Amino acid sequence: MSECILEGRGLTRRYRRPDGRTLTACHRVGLQLFPGETLGVVGESGCGKSTLVRMLAQLERPDEGELLFRGEEITGLKGEALRRYRPHVQMVFQDPAGAFFPRMRVWDAVTEPLRNFQPLSRAQRREQAARLLERVELPADFLDRYPHSMSGGQRQRLGIARALALEPEVLLCDEATSALDVSTQAQLVELLVSLQKKQNLSILFVCHDLALVQSLSHRMIVMYLGTVVESLPSAHLAADALHPYTRALLEAVFSLHTPPDKAVAPLSGEVPSPIHRPRGCPFHTRCPHCMEHCAQEEPPTISVAPGHTVACHLYSGTSRSEGE
Ligand code: ADP
Ligand code: MG
């Protein structure tokens, strides 16, 4: 396989709450992103997706774990080294309306990231802005508009254009299409796919919508309560998924299309609080297959097929790990 472009190993992030308790947003998350691929990250709200993205973008530091870019450790870069890293990995945010200064015109907003890296004249920046608009299929006469006068889908195109301004190798899209209606969402996804093909971009596409993630990603990771419970190729998700949580997500998505006589087992219970992460497997409190030691021992992440890993005692061979 080609060289991994961005890699997280054992990324853990805890937040101290005002009441003194500690919340674990990400717990030993590992992922690899390869050139030209889309890696989907799926999981319910609050499972740590955005925290993971912020660590990958170096907006936040992991408490534990390592981050590698093209095989070189970049955890905790500072100053000039961090500044040099920034152009390689850019983010597209969820809320297109909140992502721009309201008084900046489109040409200024879209080329804002260039200010820190290239000394360009106003005319040169406008030229760059026109090129960027073209790449995201927005008309050139938008240059002098204000972002708030555009539709949600157009503003999100602008968000993508701004993220592309520094010619990144990696785009981190955190719920980038989630605020949009379904047809606008589909057009943006098409745009991302076409940009990826043209530029060999690597995309991390984070979304709570399993069907959408599956439709556009090559591989995906499934998160639950701050951990990666399964990672696998997206193409055969329904056939290959093993983890009881992934299976439950699939049932919830596709139950509309399954025959009425097929029993669907919806997940029972609530997601535990990340302040009180359960001992053992994070999913054991809701798992229909929970065994005695699932409540005691964290399941190891094991490889079950090429590109397919799962963290579940059902598949861990002896079903016994060394624990912590
Ligand atoms: P997701 O993006 O999957 O919805 P997040 O990464 O936003 O999840 O949040 C994971 C957990 O971390 C949540 O319980 C959230 O409340 C908590 N969290 C996220 N950011 C902070 C923060 N800056 N301070 C305290 N808690 C946070
Ligand atoms: Mg989020």
Side-chain angles (χ1 to χ4, degrees), residues 6 8-31 33 38-65 67 76 89-99 152 156 159-160 163 170-180 185 188-189 192 203-214 216-217 219-231 243 245-246 248-250 252-253 267 269-279 281-283 285-286 311:
L6 188 61
R9 292 184 188 161
L11 295 173
T12 297
R13 177 76 172 115
R14 302 182 196 95
Y15 294 111
R16 200 76 169 149
R17 292 181 30 107
D19 59 11
R21 291 185 296 176
T22 303
L23 177 157
T24 306
C26 284
H27 177 76
R28 298 184 189 159
V29 173
L31 64 83
L33 185 63
T38 299
L39 178 65
V41 180
V42 75
E44 287 161 283
S45 177
C47 73
K49 303 182 296 296
S50 296
T51 304
L52 172 63
V53 169
R54 289 196 300 273
M55 287 193 283
L56 297 174
Q58 297 251 36
L59 299 173
E60 270 182 38
R61 279 174 194 218
D63 295 302
E64 285 162 31
L67 209 55
V89 178
Q90 290 283 298
M91 260 182 94
V92 181
F93 295 92
Q94 170 169 12
D95 175 13
Q156 198 52 297
I160 296 171
V170 176
L171 267 195
L172 305 173
C173 302
D174 188 6
E175 305 274 3
T177 65
S178 303
L180 306 168
Q185 207 171 52
L188 270 170
V189 164
L192 284 172
I203 298 179
L204 189 86
F205 190 85
V206 176
C207 188
H208 60 276
D209 181 339
L210 179 70
L212 182 66
V213 169
Q214 189 201 4
L216 103 153
S217 59
R219 293 186 301 124
M220 59 201 286
I221 64 178
V222 182
M223 286 183 74
Y224 183 81
L225 205 61
T227 59
V228 175
V229 294
E230 186 157 21
S231 74
H243 198 283
Y245 178 62
T246 317
L249 284 181
L250 277 164
V253 174
L267 274 181
E270 297 280 318
V271 184
S273 159
I275 300 170
H276 304 289
R277 274 181 65 80
R279 224 178 114 103
C281 170
F283 188 56
T285 58
R286 300 170 81 196

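Just so we're clear, the structure is a prediction, and the values are computed from it rather than from any experiment. Whatever order the structure lists ligands and atoms in, that order sets their numbers, starting from 1. FYI, side chains are in, hydrogens and waters are out, and symmetry mates aren't considered; it's all heavy atoms of this structure.
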Rounded distance [0.5 Å steps], SG in C173 versus CD in Q156: 8.0 Å
Derivation and outcome, side chain to side chain contact (heavy atoms under 4.5 Å, CB included), residues V29 and M55: CA-CA 11 Å; V29 173; M55 287 193 283; 5.8 Å; no
Sidechain-backbone polar pair: K49 side chain, H208 backbone, donor-acceptor under 3.5 Å: no
Straight-line distance of D63 CG to H27 NE2, nearest 0.5 Å: 12.5 Å
May I have a table of the N/O to N/O pairs between ligand 1 and the protein that fall below 3.5 Å, each row giving the two atom names and the distance to 0.1 Å?
{"from": "ligand 1", "atom 1": "2 (O)", "to": "S50", "atom 2": "N", "distance (Å)": "2.9"}
{"from": "ligand 1", "atom 1": "2 (O)", "to": "S50", "atom 2": "OG", "distance (Å)": "2.8"}
{"from": "ligand 1", "atom 1": "3 (O)", "to": "G46", "atom 2": "N", "distance (Å)": "3.4"}
{"from": "ligand 1", "atom 1": "3 (O)", "to": "C47", "atom 2": "N", "distance (Å)": "3.2"}
{"from": "ligand 1", "atom 1": "3 (O)", "to": "G48", "atom 2": "N", "distance (Å)": "3.1"}
{"from": "ligand 1", "atom 1": "3 (O)", "to": "K49", "atom 2": "N", "distance (Å)": "3.0"}
{"from": "ligand 1", "atom 1": "3 (O)", "to": "K49", "atom 2": "NZ", "distance (Å)": "2.9"}
{"from": "ligand 1", "atom 1": "4 (O)", "to": "G46", "atom 2": "N", "distance (Å)": "2.6"}
{"from": "ligand 1", "atom 1": "6 (O)", "to": "S50", "atom 2": "N", "distance (Å)": "3.4"}
{"from": "ligand 1", "atom 1": "6 (O)", "to": "T51", "atom 2": "N", "distance (Å)": "2.9"}
{"from": "ligand 1", "atom 1": "6 (O)", "to": "T51", "atom 2": "OG1", "distance (Å)": "2.6"}
{"from": "ligand 1", "atom 1": "8 (O)", "to": "G48", "atom 2": "N", "distance (Å)": "3.2"}
{"from": "ligand 1", "atom 1": "20 (N)", "to": "R54", "atom 2": "NH2", "distance (Å)": "3.3"}

Shell of protein N/O/S atoms around the Mg ion (ligand 2), taken as anything under 2.8 Å: S50 OG
Test item: R54 side-chain N/O and Q58 main-chain N/O as donor-acceptor pair under 3.5 Å: no
Gap separating the CG atom of L52 from the CZ atom of R13, nearest 0.5 angstrom: 12.5 Å
R28 with E64: basic N within carboxylate O range, under 4.0 Å: no
Side-chain (R17) to main-chain (L23) donor-acceptor, under 3.5 angstrom: no
Inter-residue atom distance L31.CG - I221.CD1, 0.5 Å rounding: 5.0 Å
